[in-house]
Amino acid sequence: MKVRLLILIAMVMAVAGAKARTASDASFHCAEDTLRINQILKSLDRTAPLGDRICAAAMQLADAGEDNFFSTDSVGALRINVDSFTPLSFVNNAVALAKAAGREDADWTAFWREFKDISCRRGENGGFPSIMYHTSDWISDNVARGNLKEITENFPGVESRTKSLDELSRNRGKFAALSDSANYETVRLWEMGFRTHRIPTLKREAMKKKEITDELQNGDIIILVPYGDGRDWYDMGVVSMQEDGPHLIHLSPLKHKVMLEPEPMARYAGLVTKYFQGYRIIRLTD
């Protein structure tokens, strides 16, 4: 009996040690975040399809606001924060929650593993330069590692747009972590790889076409591609299929909070038509 007890204690300690190592590089927005993450994970149905879990996780984050840490945090570390977001960090949080909820060890440390994997280049948390800012970088890296697949080119009417993505290096003063010369040089070199970058894009009218909207699924990611160079997203969010078509769960650039857009995509596009020229559509892999 004592031997069995000692073995059980050793197993528990090993698991605890593994979790501690997993979370050793975690940075926190506030002490309540891990409690909130565990609550969200418990509320999600781990047997539901991944896309449905992404939608459910995204709605759990409703009413959260915008995060300005890029402009204020001189360290720029990846951090756990379910209170406020950038458009891409909102998507990454929803995806990480949904994927962690499908695991047997669904807790905040499982979330942290998934969040790092989807947010950081090669899934490695190497500080500010490793956090992907441009969606083209995010897509390319995660497609290569099997996390995502770009399905934009599966639809009729896709076009190729060319952009030079240099918002970070061109606006160094707006990103506090770039005051560090090493961070700046690393980011500048990464952005050089996205000069005259070709982006597959569906026209703005695409969401009015039934042959396109019928192919969308819960949990797909839609990116609204803006005009001009600099960056490659105006808005992005999670598709939620409703009776009147696809809606977007997103950090609204108009309302400045996370919400289920009340207008279907076709009508929402009309509200922001002057800001974007087309769409990219991304699907998560199980």
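In this chain, residues are counted from 1 in sequence order.
Across every non-hydrogen atom of G76 and I131, the tightest pair is O-CD1, 3.3 Å. Of all heavy-atom pairs spanning P129 and V187, the tightest one is CA-CG2, 4.1 Å. In terms of heavy atoms, D229 sits closest to T162 at OD1-O, 4.2 Å. Counting all heavy atoms, side chain and backbone alike, S252 lies closest to E261 at OG-OE1, 4.5 Å. Across all their heavy atoms, A101 and L41 have their closest contact at N-CD2, 3.7 Å. Closest non-hydrogen pair, A266 versus K208, comes out as CB-CG, 4.0 Å.
Looking only at distances, no side-chain donor or acceptor of N171 sits under 3.5 Å from a matching main-chain atom of K174. Within the 3.5 Å criterion, the main-chain N or O of S169 finds no donor-acceptor partner in the side chain of D166. Checked by atom type and distance alone, the side chain of R231 never pairs as donor or acceptor with a backbone atom of E167 at under 3.5 Å. Formation of a donor-acceptor pair under 3.5 Å by the K99 side chain with backbone atoms of I118 is not found in this model. Listed for the S119 side chain is no donor-acceptor partner under 3.5 Å among the backbone atoms of K116. Formation of a donor-acceptor pair under 3.5 Å by the T201 side chain with backbone atoms of I199 is found in this model.
The CZ atom of R36 lies 11.0 Å from the CG atom of N38; values are rounded to the nearest 0.5 Å. Rounded to the nearest 0.5 angstrom, S164 OG and D232 CG are separated by 11.5 Å. To the nearest 0.5 Å, atom CD1 of residue I139 and atom CD of residue E150 are 5.0 Å apart. L78 CG to S89 OG: the interatomic distance, rounded to the nearest 0.5 Å, is 9.5 Å. Annotation: the span from M236 atom CE to I282 atom CD1 amounts to 8.0 Å, rounded to 0.5 Å. The line from OG of S84 to NE2 of H29 is 5.0 Å long, rounded to the nearest 0.5 Å.
For the pair W233/V225, no side-chain contact is recorded, criterion being any heavy-atom separation below 4.5 Å from C-beta on. A 4.5 Å side-chain heavy-atom check between L178 and F70 finds every atom pair outside the cut-off. Looking at heavy atoms from C-beta onward, C30 lies in side-chain contact with D83 at the 4.5 angstrom threshold. The side-chain heavy atoms of K203 and E159, taken from C-beta on, include a pair separated by under 4.5 Å. Using a 4.5 Å cut-off on side-chain heavy atoms (C-beta onward), Q277 and P226 make no contact. When side chains are defined from C-beta on, F128 counts as touching L168, because their heavy atoms get closer than 4.5 Å. Between F111 and I40, every side-chain heavy-atom pair lies at or beyond the 4.5 Å cut-off.
Taking the six-membered ring where the residue is Trp, F194 and H197 present perpendicular rings, their angle passing 60° and hence far from 30°.
In this structure, F175 has its ring center closer than 6.0 angstrom to the ring center of Y133.
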Might you work through the side chain to side chain contact (heavy atoms under 4.5 Å, CB included) test for D244 and R267, ending with a clear yes or no? CA-CA 11 Å; D244 57 352; R267 289 206 288 270; 4.2 Å; yes
Run the side chain to side chain donor-acceptor pair (under 3.5 Å) check on Q60 and S43 step by step: do they pass? CA-CA 9 Å; Q60 289 280 356; S43 74; 3.0 Å; yes
R198 and S160: side chain to side chain donor-acceptor pair (under 3.5 Å), yes or no, with the steps? CA-CA 6 Å; R198 297 179 72 83; S160 182; 3.3 Å; yes
Side chain to side chain donor-acceptor pair (under 3.5 Å) evaluation trace for T135 with R280: CA-CA 10 Å; T135 56; R280 296 180 83 171; 4.6 Å; no
Evaluate side chain to side chain contact (heavy atoms under 4.5 Å, CB included) for M59 paired with L260, printing each intermediate quantity in order. CA-CA 7 Å; M59 288 306 300; L260 172 64; 3.9 Å; yes
Could you go through N218 and I54, starting from their C-alpha distance and side-chain angles, then the distance that decides it, and tell me whether this counts as side chain to side chain contact (heavy atoms under 4.5 Å, CB included)? CA-CA 8 Å; N218 279 340; I54 293 172; over 6 Å; no
Evaluate the side chain to side chain donor-acceptor pair (under 3.5 Å) criterion for residues T109 and D107: first the C-alpha distance (whole Å), next the side-chain angles of each, then the deciding distance (0.1 Å), finally the verdict. CA-CA 6 Å; T109 61; D107 65 5; 2.6 Å; yes
Are N93 and F115 close enough, and set up right, to give a side chain to side chain contact (heavy atoms under 4.5 Å, CB included), and what steps lead you there? CA-CA 6 Å; N93 271 271; F115 186 58; 3.4 Å; yes
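Note: the hydrophobic cluster containing L61 also contains V238 (ILVMFWY, side chain heavy atoms under 4.5 Å, direct or indirect links). Both V82 and V258 are assigned to one and the same hydrophobic cluster, defined by single-linkage of ILVMFWY side chains at heavy-atom distances under 4.5 Å. L97 and L35 end up in different hydrophobic clusters when Ile, Leu, Val, Met, Phe, Trp and Tyr side chains are linked at under 4.5 Å. Following chains of ILVMFWY side-chain contacts shorter than 4.5 Å, one can reach L148 starting from I223, so the two form part of one hydrophobic cluster. Placement of Y184 and V75 in two distinct hydrophobic clusters is found when ILVMFWY residues are connected by side-chain heavy-atom separations under 4.5 Å, directly or transitively.
For S240, the side chain to side chain donor-acceptor pair (under 3.5 Å) partners two or more places apart in sequence, or in a different chain, are Q242. Listed by chain and number, the residues in a salt bridge (Lys or Arg N to Asp or Glu O under 4.0 Å) with R283 are D220 (sequence neighbours excluded). Listed by chain and residue number, R145, N147 satisfy the side chain to side chain donor-acceptor pair (under 3.5 Å) test with N142 (two or more places apart in sequence, or in another chain).
Defined by atom type and a distance below 3.5 Å, a donor-acceptor pair is missing between the side-chain atoms of W108 and D33. The closest side-chain donor-acceptor pair between T86 and E66, if any, does not fall under 3.5 angstrom.
A salt bridge links D63 with K257: the distance from a Lys NZ or Arg NE/NH1/NH2 to an Asp or Glu carboxylate oxygen falls below 4.0 Å. R103 and E114 are joined by a salt bridge, as a carboxylate oxygen and a charged side-chain nitrogen come within less than 4.0 angstrom of each other. For R121 and D137, the salt-bridge test passes: some basic side-chain N is under 4.0 Å from an acidic carboxylate O. The pair D105-R113 counts as a salt bridge, with a side-chain nitrogen and a carboxylate oxygen less than 4.0 angstrom apart. Under 4.0 Å is where a charged nitrogen must lie from a carboxylate oxygen, and between R79 and D67 at least one such pair does. A salt bridge between E191 and R188 is absent, with no side-chain N of the basic residue lying under 4.0 Å from a carboxylate O of the acidic one.
Through chains of ILVMFWY side-chain contacts below 4.5 Å, M192 is grouped with L189. Other residues sharing a hydrophobic cluster with L254 under the 4.5 Å side-chain heavy-atom criterion for ILVMFWY residues are I151, F155, V158, L202, M207, I212, L216, I222, L224, Y234, V239, M241, L248, M265, Y268, L271, V272, Y275, F276, Y279, I281.
For residues 68-78, no pair satisfies side-chain hydrogen bond (donor to acceptor under 3.5 Å, both in side chains), with sequence neighbours left out.
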